[in-house]
Amino acid sequence: MSEIRAIRGMGDILPADTPVWRAVEATVAATLTSYGYSEIRMPILEKTALFKRSIGEVTDIVEKEMYTFEDRNGDSLTLRPEGTAGCVRAVIQEGLINATRRLWYGGPMFRHERPQKGRQRQFHQIGVEVFGIATPDIDAEMIVLSNRLWKALGINEGLQLQINSIGSPAARAAYRDALVTYLGQYRDALDQDSQRRLESNPLRILDSKNEKTQSILRDAPSLEQYLDAESAQDFADLRRLLDAVGIDYVVNRSLVRGLDYYNKTVFEWVTDRLGAQGTVCAGGRYDSLVGQLGGKPTPAVGFALGMERLVLLLQEQGAGSALEEPSVYVVAAGDEAQQQALVTVERLRDQFPQLAIVVHAGGGSFRSQMKKADKSGARIALIWGTDEVSNATVTVKALRGQARQQTIALSELGHFVSGSAALTD
RNA sequence: GUGGCCGUAGCUCAUCUGGUAGAGCACCGGAUUGUGACUCCGGAGGUGGCGGGUUCAAGACCCGUCGGCCACCCCA
């Protein structure tokens with residue numbers, strides 16, 4: 001019988017890695033809370049139409065990357081490929097756009113892509129969205145906030161901020177036409193992917209990796225020339241604010257977001273330390289999406305960060321993936337000793353809820369139990385045998401330091417533990 | 001979806017130009033019977049991803065398939 005394996009691209013996050021994940025999640029939650037953001041949790045499954053209407057019918061995500069299936073009622077459902085659509089749906093449905101909202105969420109997303117470094121089919125994002133603010137001060141807040149996060153995580157050195165403005169939908173459409181007209185002259189000279197993108201997503205040609213395509217692009221019309229006055233002004237204001245708080249950035253006029261709903265300011269935090277998937281965090285403004293999904297027209301801005309990429313970056317920089325080790329390992333041989341140990345340890349847990357204590361289970365000699373105690377990484381072993389039981393004592397043995405083994409009265413155990421800084425730090 | 005590289009014990013890998021598989025680490029047990037680490041001894045663990053083919057003989061060669069990694073594409 002062949003073993004059942006996980007679905008391709010949907011890996012397990014193993015015990016060696018979960019501490020890093022938890023650290024990142026805790027830092028994210030704390031930072032967002034400190035900026036006044038509230039957490040929202042949405043379902044992982046939504047109606048397929050939600051993603052088609054928000055992300056864009058002709059994007060790769062919708063065309064070939066979604067996990068879509070019919071449920072038992074015949075409704076077409078889709079495992080969410082990103083979080084913004086569901087978040088917007090939720091705030092409309094639950095009546096949360098009556099006022100300014102600063103929200104965040106986290107969880108798994110699903111895209112049927114070919115897995116590679118920094119890209120899984122089930123991956124995890126933290127999403128941050130703000131509804132009801134049209135001015136670029138909130139764009140700046142997004143960036144300032146993310147910048148603080150990198151500092152808190154200690155990865156700010158490895159990240160570069162890129163920003164751009166893609167203008168109003170009308171400006172972008174006008175530019176798009178101009179670009180297509182220009183590139184159409186050189187259609188045959190373009191690489192194959194770019195020729196295809198001429199129909200599907202012309203702006204994407206701007207960041208083609210093909211050299212010949214890039215040389216053709218040198219004389220192409222620029223997005224900047226087509227920018228509407230308001231977008232240009234907002235972008236200038238954003239830059240002024242970033243300069244004022246001292247955040248470095250590069251203006252990347254080729255930076256175009258992949259999803260249809262973006263407008264005006266877009267930004268990305270990128271790294272060159274993760275191979276081809278260098279975007280750790282990306283976002284921008286999406287002022288028309290709420291209206292497009294049936295809500296009262298509401299300006300919005302948001303970003304998403306890729307947890308796997310963040311964790312990779314952290315580990316790339318040598319972030320420990322050490323297992324979490326207990327402080328105390330309890331060794332007991334014989335029925336009475338085991339019983340005594342269980343009762344005493346439960347009392348100890350009442351007294352020291354933070355203390356990590358592993359009680360040996362599964363029997364074995366003192367010797368084999370001590371081996372397990374050592375391997376557990378615990379600082380001390382608490383040992384019960386027949387002597388301890390009859391004398392109402394427990395033996396304490398240091399497994400790491402030089403301290404001598406000692407046998408103390410059970411009544412002294414709590415006192416002993418609170419006196420050991422190494423155990424209760 | 002396309003391409004390159006790879007697939008031998010839980011992990012990292014060896015097995016020279018085809019002759020029926022090995023090491024280190026990890027795991028389990030033991031070294032005068034209540035004590036870990038270091039050392040020593042012993043043990044368990046592989047239908048060599050799977051299926052076909054070539055051959056007297058294949059882990060090694062060929063084909064297919066599945067899986068992994070990386071890149072393209074796309075994107076967080």
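For the numbers below, each heavy atom of this structure counts, side chains included, while hydrogens, waters and symmetry mates do not. Chain identifiers are assigned alphabetically (A, B, ...) following the order of the sequence lines, protein sequences preceding nucleic acid strands; residue numbering begins at 1 within each chain.
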Original post:
Got a sec, which pairs hit salt bridge (Lys or Arg N to Asp or Glu O under 4.0 Å) with one end in residues 113-124 of chain A, sequence neighbours left out?
Top reply: A:Glu113-A:Arg119
Original post:
Which ranges of RNA chain B pair up as stems, where a stem means three or more consecutive Watson-Crick or G-U pairs with both distances under 3.5 Å?
Top reply: B:1-7 with B:66-72, B:10-13 with B:22-25, B:27-31 with B:39-43, B:49-53 with B:61-65
Using a cut-off of under 3.5 Å, enumerate the N/O to N/O pairs linking the protein to nucleotides 39-43 of chain B.
none

**OP:** Under the salt bridge (Lys or Arg N to Asp or Glu O under 4.0 Å) rule, collect the residues that match up with A:Arg404, sequence neighbours excluded.
**Re:** none
Subject >> Aromatic plane relationship, A:Tyr67 with A:Phe110 - under 30° parallel, 30 to 60° tilted, over 60° perpendicular >> reply: perpendicular
Let me check something: any side-chain donor-acceptor pairs from residues 333-344 of chain A under 3.5 Å, sequence neighbours excluded? List them with distances.
residue  : atom : partner  : partner atom : Å
A:Gln340 : OE1  : A:Thr344 : OG1          : 3.3
A:Thr344 : OG1  : A:Gln340 : O            : 2.7

**OP:** Check RNA chain B against residues 140-157 of chain A and give the residues with a non-hydrogen atom under 4.0 Å, in numerical order.
**Re:** none
Original post:
Where each residue is assigned the nucleotide of RNA chain B containing its nearest heavy atom, which of A:His112 and A:Leu305 is assigned the position nearer the 5′ end?
Top reply: A:His112
Filtered N/O pairs between nucleotides 67-73 of chain B and protein, under 3.5 Å:
residue : atom : partner  : partner atom : Å
B:G68   : OP2  : A:Arg8   : NE           : 2.5
B:G68   : OP2  : A:Arg8   : NH2          : 3.1
B:C70   : OP2  : A:Lys117 : N            : 2.7
B:A71   : OP1  : A:Ala276 : N            : 2.9
B:A71   : OP2  : A:Gln116 : NE2          : 2.9
B:C72   : OP1  : A:Lys209 : NZ           : 2.6
B:C72   : N4   : A:Arg119 : NH2          : 3.1
B:C73   : OP2  : A:Lys209 : NZ           : 3.4
B:C73   : N3   : A:Arg119 : NH1          : 2.9
B:C73   : N4   : A:Gln116 : OE1          : 3.2
B:C73   : N4   : A:Arg119 : NH1          : 2.6
B:C73   : N4   : A:Gln277 : NE2          : 3.3

Subject >> Residues that A:Arg187 engages under salt bridge (Lys or Arg N to Asp or Glu O under 4.0 Å), provided they are two or more places apart >> reply: A:Glu199
**OP:** Sequence neighbours left out, what pairs pass ring pair (Phe, Tyr, Trp, His ring centres under 6.0 Å) with at least one residue falling in residues 132-166 of chain A?
**Re:** A:Trp150-A:Trp269
Subject >> Sequence-distant partners of A:Thr407, side-chain contact (heavy atoms from CB on, under 4.5 Å), two or more places apart >> reply: A:Thr393, A:Thr395
Original post:
Does A:Lys371 have any salt bridge (Lys or Arg N to Asp or Glu O under 4.0 Å) partners at least two apart in sequence or in another chain, and if so, which?
Top reply: none
Subject >> A:Arg148 atom CZ, over 12 foreign heavy atoms within 6.0 Å >> reply: no
Original post:
Taking only residues two or more places apart in sequence, or in another chain, which ones meet A:Arg347 in a salt bridge (Lys or Arg N to Asp or Glu O under 4.0 Å)?
Top reply: none
Original post:
Counting side-chain heavy atoms from C-beta on, which of B:G36, B:G29, B:G34 comes nearest to A:Ser368?
Top reply: B:G29
